[in-house]
Amino acid sequence: MSEQAQATAARSEKVAQIIEDIKQFKVFELVELVKALEAEFGVSAAPIAVAAAAGAPAAAPEAEEQTSFDVILKSYSGDKIQCIKAVRQLTNLGLKEAKALVEGLPKPIKEGATKEEVQKIKEQLTAVGGEIELK
């Protein structure tokens, strides 16, 4: 067997061993591995879109609808006590913490809220003069 053939066979064994090792990884470990490889070699693992043979432009990817929101209480124009009460109901904070939150605006009220939770929070806070922002 020539030197080049031996190197190819050895490389194939190495690649096969790496693949077997990767099969044991958890998903978050694979994500970490991909990021580390991208950083190490200065490349991107993002798929490359190939135009059709006829030269037709690639279709634009559909924008994903946001399903998780961070609700931030920006300000309030009504009664401060009513705003604190509403914040306590929404966050299960104590009186002292809720008061500090309302007095130190803007502050997040809920992180990772669903559309339904956002609607409920918005209704309760706007009823007492609060203004929210979504991120």
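Position 1 is the first residue of the sequence; numbering continues from there.
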Rounded distance (nearest 0.5 Å) linking atom [atom1] of [X] with atom [atom2] of [Y]:
X      : Y      : atom1 : atom2 : value
Glu13  : Ile18  : CD    : CD1   : 12.0 Å
Lys80  : Glu103 : NZ    : CD    : 3.5 Å
Lys120 : Thr114 : NZ    : OG1   : 10.0 Å
Lys96  : Ile84  : NZ    : CD1   : 13.5 Å
Lys14  : Ile19  : NZ    : CD1   : 14.0 Å
Thr91  : Lys107 : OG1   : NZ    : 13.0 Å

Exercise. For Ile81, does the CD1 atom have more than 12 heavy-atom neighbours from other residues, nucleotides or ligands under 6.0 Å away?
Worked result: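 Result for CD1/Ile81: open.
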
Exercise. With a cut-off of 6.0 Å (strictly less than), are more than 12 heavy atoms of other residues, nucleotides or ligands near CD of Glu133?
Worked result: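 Yes.
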
What closest approach, in Å, do [X] and [Y] show between heavy atoms, and which atom pair accounts for it?
X      : Y     : value
Gly112 : Ser68 : CA-OG, 3.1 Å
Ala98  : Val87 : CB-CG1, 4.1 Å
Gln124 : Ala86 : O-CB, 4.3 Å
Glu29  : Gln24 : OE1-O, 4.5 Å

Considering only heavy atoms from C-beta outward, does the side chain of [X] approach that of [Y] to under 4.5 Å?
X      : Y      : value
Ile72  : Pro106 : yes
Leu73  : Leu125 : yes
Asp79  : Val128 : no
Tyr76  : Leu105 : yes
Ile109 : Leu101 : yes

For this session: Run through Lys115, Lys135, Glu117 and flag the one making a side chain to side chain contact (heavy atoms under 4.5 Å, CB included) with Phe69.
Result: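 Of all the options given, the one that passes is Lys115.
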
Problem set entry | Qualifying residue for side chain to side chain contact (heavy atoms under 4.5 Å, CB included) with Leu134, from Ile121, Val71, Asp70 |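 Answer after filtering Ile121, Val71, Asp70: Val71.
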
Exercise. Is the shortest side-chain N to carboxylate O distance from Lys23 to Glu20 below 4.0 Å?
Worked result: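 Looking at Lys23 and Glu20, the cut-off is met.
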
Problem set entry | All salt bridge (Lys or Arg N to Asp or Glu O under 4.0 Å) counterparts of Glu123, not counting sequence neighbours |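 Expected list: none.
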
